[in-house]
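Written out below as structure tokens is the structure these notes cover.
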There are 2 protein chains.
Amino acid sequence: MGDHDDKARAATIFDVARLAGVSHQTVSRVLNDLPNVRPATRARVEQAIKQLRYVPSPAARALVTRRTRTLGLIVTGAPDYGPSSTALYFNEAARDARYTVITASMRETDAASMRSTAELLVRQNVEAIVLIAAERAAIDALDGIELGVPVVAVASEERGALHRVWLDQYAGARLAVEHLIGLGHGEIRHIAGPSNAMDAAERVRGWAAALGEHGLPAREPLVGDWSPGSGYMHGRTLAADSEMTSVFVSNDQMALGVLHAFAEAGLSVPGDVSIVGFDDIPEAAFFAPPLTTLRQDFVGLGRDAMASVLAVLGDDDRAPAPRVPDLVVRTSTAAPSRERTAVTS
Amino acid sequence: MGDHDDKARAATIFDVARLAGVSHQTVSRVLNDLPNVRPATRARVEQAIKQLRYVPSPAARALVTRRTRTLGLIVTGAPDYGPSSTALYFNEAARDARYTVITASMRETDAASMRSTAELLVRQNVEAIVLIAAERAAIDALDGIELGVPVVAVASEERGALHRVWLDQYAGARLAVEHLIGLGHGEIRHIAGPSNAMDAAERVRGWAAALGEHGLPAREPLVGDWSPGSGYMHGRTLAADSEMTSVFVSNDQMALGVLHAFAEAGLSVPGDVSIVGFDDIPEAAFFAPPLTTLRQDFVGLGRDAMASVLAVLGDDDRAPAPRVPDLVVRTSTAAPSRERTAVTS
DNA sequence: AGAACTCGTCCGTTACAGTCC
DNA sequence: AGGACTGTAACGGACGAGTTC
């Protein structure tokens, strides 16, 4: 009895109408909170709805209203902390705004895959697409083509004509560098993220700008790939440079690799070298030593993405301003020691 | 010219039919690869489809077929490596099987939220729900109620009547402990995950079982919350115990905290104490020292979840067998040293 | 003359009968 | 007689125009 799916068709609006003794149109009015329904009638209808466990069919509704209240979300790359967090909070924000989200995760970002994925979403009649991608190319792949729906990209560089939300990587990088300068460091090296990553480029820009303003030299950045392994590799290179007193690393994972390389080389952090990371992943407070880094507001970013969608769709609000990361000072940074200190301008 | 959304309604099957000079029904046959269409007619129709950039309406189709080819995915908790990876690979597997996935991420797991989220998905007419949740309670919240659609839970404990896929945490924990026993450790402590987490309980079970089989003592596990901070806290406690020569930590993040605590206490790893983690997060190879841990096959798990959905829906296949994590030996484990070694049975 | 309903049409597809060589 | 089509009804809601009190 009532054990498995009763194959009985779900109740329709007509079933509800019959049970409540009204027309289906009246039921529709109740469903959509329209006026001109007597309270008593409304109650009867609601009772019938409950009794029949009636739920309106989104397909039928979408067919006639030509609105699906559905959004497409494309997330590219590995399930890293930043994108995963952004996606999660965007998802929550969308649900709060009573939108449904169809997610398409993909590891490749070639133009053909990006395009066919976007078209897959369009075929589902999404009203807008949100794109969370680190690589410039992923954004550009969707920029040219006419999809018929607006695209909001989470992207820290201005690119083409897409709508855009972002966290201010440039300002964050400046904060990192100014913190090190404030401690007295004169040469601040940089380990950058991959050259195709927009965040990486913005951080390089901020690092170079802050250095330039203080008349400090900017040596060619070492380019990693976000992984701890690449941080380790470049860390070994840097360890051999006795001039270096501080490093701004473009993300926390690479900073972990650098820490590892320096420990192996017998360099003390922050005694010999100071290190600043970026992201403030949950692990960062427990590195050896705890990492000074920039905390990014992914909760806010996810909400901004949804706010931007609503703005574009004309439902609500205006697009938000970018947020600046917060410097979190831990013990991986300190004033340079006398021995290794070189040019303190 | 063609600048913004042409407000022109998308083409319908009738537009295509008219252009191809056939009835809309013939177009439908072409769309659905049904027989009894002459090749020449088919070609004309396909040409018309291309020319009008026609895409069938999923809403209209769902309305009449009573199938949406849509799946609901509920992911609870923080955007951690394990659940995020599983969700990503499930998403890809679903797309490969030509299913659309509606995702609902949520941080709370109370019964009311779980239930209302599941009902939200049911209202979208999903054909099945996949649930990725660490906590027992999240599973149980969906177990009792009659949703009308099958639920596949990613859960390492058998619970209620839900369909289930999982990675074999019990076997993984045994591998960890046997590795330490093989190295000669006689007392193997355990830092567990939170008691409401199924993975944590299974790992405790495996740890205790392996210990029991070898006649070794199982001291009461310390209970953390998966965070590096809790690992650090328990690591400080363990550092004070001079009997202890090895620790099996229930995940890599907590192991990082333990490492940090031991370093502070002047304990050498693996010189004084050996440590094994669980998960093999990307950072684990770059901890100080690189962490011996158990690699989980989240790619496989995501695919298994989709395979299980197809099995339940009767489309395909049979449900898959659970996978056993792989032991990845790095340098955080070694034979116990003479000084701190106690009861080597 | 409104408030409170009812009626009829339409949305874009697929399913089920026909119809015509 | 059967391959290659065409015509007509649903599917489940929403909305504008009628109808009743």
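Each chain gets a letter, A, B and so on, in the order its sequence line appears, and its residues count up from 1.
Ion pairing between a basic and an acidic side chain is recognised when a charged N comes within 4.0 Å of a carboxylate O; A/Arg69 and A/Glu127 show no such pairing. Taking 4.0 Å as the cut-off between side-chain N and carboxylate O, B/Arg115 and B/Glu119 count as a salt-bridged pair. One finds no salt bridge joining B/Glu92 and B/Arg303 here, because no Lys/Arg side-chain nitrogen approaches an Asp/Glu carboxylate oxygen to under 4.0 Å. Ion pairing between B/Glu157 and B/Arg136 holds under the 4.0 Å rule for side-chain N and carboxylate O.
Between A/Asp33 atom CG and C/dA4 atom C1' there is a gap of 17 Å when expressed in whole angstrom units. To the nearest angstrom, P of C/dT13 lies 10 Å from CD1 of B/Ile49. Rounded to an integer number of Å, the gap from A/Asn36 CG to D/dG16 P is 14 Å. For B/Arg18 and D/dT6, the CZ to C1' distance is 16 Å, given to the nearest whole Å.
Scanning both residues, A/Pro150 and A/His163, for their nearest heavy atoms gives CB-CD2, 4.4 Å. Counting all heavy atoms, side chain and backbone alike, B/Thr26 lies closest to B/Thr41 at CG2-CG2, 4.1 Å.
Under 4.0 angstrom from either OP1 or OP2 of C/dC10 there lies no side-chain N or O belonging to A/Arg66. Note on A/Arg38: a side-chain N or O is less than 4.0 Å away from OP1 or OP2 of C/dC5. Phosphate contact (OP1/OP2 of D/dC5, side-chain N/O of B/Thr41, threshold under 4.0 Å): present. Between D/dT6 and B/Thr26, a contact under 4.0 Å exists linking OP1 or OP2 to a side-chain N or O. Regarding contacts with the backbone of D/dT6, a side-chain N or O of B/Ser23 is found under 4.0 angstrom from either OP1 or OP2.
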Checklist entry - Which is it for B/Ser156 and B/Asp199 under the side chain to side chain donor-acceptor pair (under 3.5 Å) test, yes or no, and what are the steps along the way? => result CA-CA 6 Å; B/Ser156 50; B/Asp199 284 354; 2.6 Å; yes
Next on the checklist: One character per nucleotide, please: for nucleotides 14-21 of chain C, 5' to 3', B when the base has a protein heavy atom closer than 4.0 Å, S when only the sugar-phosphate does, - otherwise.
Outcome noted: BBB-----
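Within 4.0 Å of B/Ser57, counting heavy atoms only, lie sugar-phosphate atoms of the nucleic acid but no base atom. Residue-level contact check: A/Val55 touches the backbone only, with heavy atoms under 4.0 Å from sugar-phosphate atoms and none from bases.
Listed by residue number, the members of residues 118-125 of chain B with any heavy atom below 4.0 angstrom from DNA chain D form an empty set.
Residues A/Leu73 and A/Val75 meet the side-chain proximity criterion, which asks for heavy atoms closer than 4.5 Å.
Nucleotides of DNA chain D nearest to B/Leu63 and B/Val37 differ in position, and the one nearer the 5' end is that of B/Val37.
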Validation: residues 305-313 of chain B side-chain donor-acceptor distances under 3.5 Å, sequence neighbours left out:
none

